Amino acid sequence: MDPFLPPSEQDSPGWGPEVIVIHPPSFDAVQEAITALRDQATVVVNFSALAEDQLQRAVDFLAGAAVALDAQQVRLGERVFLYAPHYVQLNRA
């Protein structure tokens, strides 16, 4: 029993949409982000651990997956990207 949840939400399985942060150490680990996005999670991917030649390949691979899954892609930093399902409202300032 969580004292911070209202009584109506005590039996619900979770708090709502999930945000997952991933730091893939290699190109092969990028699949984890695609799986999470397919499961309707919002994913922040920090590619700082990838070599330069793997970086572009991974970004392109995830961009293709985002298009296939009808998701959105936003660049947050030099090597940080956010991928979100189409129904997530992203406000760009």
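Every value quoted in this text rests on a predicted model; they were computed, and no experiment measured them.
Evaluated for a side-chain contact (heavy atoms from CB on, under 4.5 Å) with Leu82, the options Val21, Leu76, Val19 yield exactly one hit, Leu76.
Here the straight-line distance linking atom CD of Gln40 with atom NE2 of His86 works out to 7.0 Å at 0.5 Å rounding.
In this structure, the side-chain hydrogen bond (donor to acceptor under 3.5 Å, both in side chains) partners of Glu52, at least two apart in sequence or on a different chain, are Arg79. Val67 pairs by the side-chain contact (heavy atoms from CB on, under 4.5 Å) definition with nothing, not counting sequence neighbours.
Annotation for Gln31: atom CD counts as buried by contact number, over 12 foreign heavy atoms lying within 6.0 Å.
Judged by distance alone, the side chains of Ser48 and Asn46 do bring a donor and an acceptor atom under 3.5 Å apart.
In the hydrophobic clustering, Leu55 connects to Ile20, Ile22, Phe27, Val30, Ile34, Leu37, Val43, Val45, Phe47, Leu50, Val59, Phe61, Leu62, Leu69, Phe81, Tyr83, either directly or through intervening members, whenever side-chain heavy atoms lie under 4.5 Å apart.
Of all the heavy atoms in Pro24 and Ala49, the pair that sits closest is O-CB, 3.7 Å. Between Ala41 and Pro85, the shortest heavy-atom contact is O-CD, 3.6 Å.
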